[in-house]
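Any value given below was found using the heavy atoms of this structure, including those in side chains, with hydrogens, waters and symmetry copies removed. Just follow the structure's listing: the first ligand is 1, and inside any ligand the first atom is 1. All figures in this text were calculated on a predicted structure; none of them were measured in a lab.
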Amino acid sequence: QFPRECVTVEGLRSGQCCPSPPGFVDDPCGFSAGRGQCVSLTVDARPHGPQYPHDGRDDRERWPVRFFNRTCQCNGNFSGFNCGRCRHGLTGPNCDQRVSVVRRDVMRLSADEKRAFVSALDQAKRTVHPDLVIATRHYSDVFGPGGDSPQFENVTIYNYFVWTHYYSVSKTFLGAGQASFGGVDFSHEGPGFVTWHRYHLLQLERDMQDMLQDPSFALPYWNFAIGGNTCDICTDDLMGARSTFDSNSLSSNSIFSQWRVVCESVEDYDTLGTICNSTETSPIRRNPAGNVNRPMVQRLPEPQDVADCLQVNTFDTPPYYSTSSESFRNTVEGYSAPKGNYDPVVRSLHNLAHLFLNGTGGQTHLSPNDPIFVLLHTYTDAIFDEWLRRHGPAAYPDENAPIGHNRGYNMVPFWPPVTNSEMFVTAPDNLGYSYEAEWPGQPFTLTEIITMAIVAALVVVAVIFAATTCAVRARSYKMEGHQPLLGDQYQRYDDDKSQSVV
Ligand SMILES: O=C(O)c1cc2cc(O)c(O)cc2[nH]1
């Protein structure tokens with residue numbers, strides 16, 4: 001959420017968060033080296049949709065001005081909260097060399113690659129985030145009981161990934177004794193679903209690259225569109241098999257059986273007016289295809305569902321919400337049927353994959369605690385990127401999307417501020433990663449089948465006609481008394497030979 005050095009009493013009171021990059025002393029945003037400068041923030045002022053009626057009551061509105069209104073604006077290809085690093089996809093001292101990583105199918109990794117990925121996730125679960133800390137109170141209480149103890153905590157890299165998702169989906173606290181407002185979601189049920197989750201993954205990938213000191217580290221993906229009711233990545237060499245003792249738990253052979261979740265006590269936060277902190281509580285729960293009460297969501301999406309959603313032409317449609325029809329975004333998110341028609345009882349693609357997991361991974365405030373979340377979302381992002389490649393440049397709504405989802409809105413709660421628009425670009429050209437993926441094709445339509453049959457029949461007729469014509473011509477040529485050409489040649493050669501011998 002915010003850099004550790006900004007969350008002091010003075011920092012919060014000044015509303016300025018402009019740290020110096022490493023190696024620069026008292027030089028906000030590396031101004032002296034031309035990296036950037038500390039500027040006032042301007043935020044999206046366009047109207048949001050009607051779903052949110054509580055303007056002025058939530059810290060996440062006009063993000064991040066409730067906390068900070070001055071931040072680093074970096075020049076050229078410099079980037080980061082202190083302009084100390086490069087934009088995604090660039091490297092080198094001047095940030096002018098391109099770099100790219102490849103996100104691959106997790107099932108196609110070698111045994112060593114699988115081990116390295118699992119171990120990297122586990123390291124991220126245990127490593128404190130080097131730069132960022134999280135708020136544990138709403139802004140009204142953030143200075144602490146005496147007004148001099150800012151309510152922020154350290155958090156590990158992986159738990160930060162979980163916390164940001166929780167913070168973006170949590171309800172609006174309207175005061176003690178009042179019901180919190182749940183009709184708000186800064187990362188789902190709107191066009192920002194794809195852009196928010198894209199940045200969420202990029203941040204984790206980059207944090208893990210830094211942690212591992214390996215700029216080539218790439219998050220893999222899970223092709224969840226395999227149909228059926230088997231979780232193919234739920235094995236002990238990947239995301240953990242089912243426990244033989246408890247069908248809702250992970251096998252003790254998996255490192256993930258030792259993980260403990262954060263942000264579990266959501267009812268307490270909502271009634272007490274607090275925020276999830278970095279305290280870890282229960283183990284991950286997962287029971288793929290095990291929910292007998294909801295058989296509709298106890299299967300995985302089919303390959304054809306992916307092919308169908310990639311054919312939906314329009315990125316998003318009014319009201320830019322979970323009720324949008326003929327919207328690619330609402331289809332890949334999974335509130336519409338795979339061909340794009342909205343149906344309130346349908347759960348498809350991304351939503352279906354979440355609900356299939358039937359446990360921690362199926363509850364929005366908790367889902368990233370299950371590491372399957374990472375792989376499920378890289379695949380969702382791969383579909384989004386393929387859609388952009390096929391249909392771009394595409395229009396993203398400027399206004400009237402649900403709060404947080406307009407094109408120019410800064411995505412909550414990321415720091416430094418980053419808009420939805422900045423993530424609405426093709427990844428290989430702009431963000432320094434690509435997917436090694438194959439996309440299911442469309443089956444042929446009846447018209448295509450008939451056309452192909454007619455073309456094939458015409459080709460056969462043409463070949464037969466050509467062959468018959470040749471045969472007839474050859475016969476009449478012979479009947480007119482001509483010798484075959486080859487026969488002529490042999491004749492002459494034989495004649496020559498007999499002459500030279502003589
Ligand atoms: O009910 C749904 O459609 C549903 C559940 C769920 C869980 C989750 O973590 C998401 O990110 C989305 C989602 N949708």
Side-chain angles (χ1 to χ4, degrees), residues 51 158-159 161-171 182-201 203-204 219 221-222 224-225 231 233 239 248 259 261-264 266 276 282 284-291 293-301 305 309 321-325 327 329-338 341-384 402 404-405 411-414 423:
Q51 302 84 4
Y158 196 87
N159 286 346
F161 181 72
V162 180
W163 185 93
T164 46
H165 193 262
Y166 148 81
Y167 190 78
S168 74
V169 303
S170 59
K171 295 180 178 179
V184 62
D185 190 325
F186 287 79
S187 57
H188 302 83
E189 302 185 56
F193 164 72
V194 281
T195 45
W196 191 97
H197 286 87
R198 167 167 280 195
Y199 188 79
H200 192 219
L201 293 168
Q203 165 121 39
L204 177 69
L219 298 173
Y221 67 85
W222 171 38
F224 55 67
C231 174
I233 56 169
M239 297 294 102
N248 287 295
W259 280 27
V261 306
V262 291
C263 304
E264 192 174 29
V266 70
C276 160
S282 318
I284 295 167
R285 296 178 72 75
R286 192 195 295 155
N287 183 2
N291 187 345
N293 298 320
R294 274 189 93 178
M296 288 271 284
V297 296
Q298 295 308 286
R299 57 170 187 88
L300 284 167
D305 299 345
C309 89
Y321 192 44
S322 47
T323 50
S324 291
S325 209
S327 146
R329 187 275 313 159
N330 207 34
T331 306
V332 73
E333 187 169 0
Y335 290 105
S336 289
N341 48 307
Y342 170 66
D343 178 344
V345 299
V346 159
R347 287 294 183 271
S348 68
L349 290 153
H350 151 268
N351 279 343
L352 183 54
H354 268 294
L355 296 173
F356 170 81
L357 297 177
N358 192 22
T360 305
Q363 298 161 266
T364 40
H365 65 285
L366 280 180
S367 51
N369 280 294
D370 186 331
I372 288 183
F373 180 102
V374 175
L375 303 174
L376 187 165
H377 272 281
T378 37
Y379 189 60
T380 309
D381 185 64
I383 300 172
F384 169 44
H405 292 258
M411 294 181 280
V412 176
F414 299 126
M423 292 294 116

CZ-OG1 distance between Phe373 and Thr378, expressed to the nearest 0.5 angstrom: 10.0 Å
Nearest-0.5 Å distance that lies between atom SG in Cys309 and atom CG in Asn330: 11.5 Å
For Ser367, atoms of ligand 1 separated by under 4.0 Å from a heavy atom: 8 (C), 9 (O)
Atoms in ligand 1 with a heavy atom of Asn351 nearer than 4.0 Å: 3 (O), 4 (C), 12 (C), 13 (C), 14 (N)
Shortest protein contact, atom 2 (C) of ligand 1 (heavy atom only): Arg347 NE, 3.5 Å
Proximity flag Glu333 to ligand 1, non-hydrogen atoms under 4.0 Å: no
Residue, atom name and distance, where the atom is the protein heavy atom closest to atom 11 (O) of ligand 1: His188 NE2, 3.0 Å
Atoms in ligand 1 flagged as close to Gly362, the criterion being non-hydrogen separation under 4.0 Å: 5 (C), 6 (C), 7 (C)
Region of Leu355 that comes within reach of ligand 1 [heavy atoms, distance under 4.0 Å]: side chain
Heavy-atom nearest neighbour in the protein, as seen from atom 8 (C) of ligand 1, with distance rounded to 0.1 Å: Thr364 CG2, 3.4 Å
Leu349 vs Thr380, side-chain contact (heavy atoms from CB on, under 4.5 Å): CA-CA, chis, key distance, verdict: CA-CA 8 Å; Leu349 290 153; Thr380 309; over 6 Å; no
Spacing of Glu333 atom CD and Phe384 atom CZ [to the nearest 0.5 Å]: 12.5 Å
Tyr321 side, atom OH; Asp185 side, atom CG - distance, nearest 0.5 Å: 8.5 Å
Spacing of Leu376 atom CG and His197 atom NE2 [to the nearest 0.5 Å]: 9.5 Å
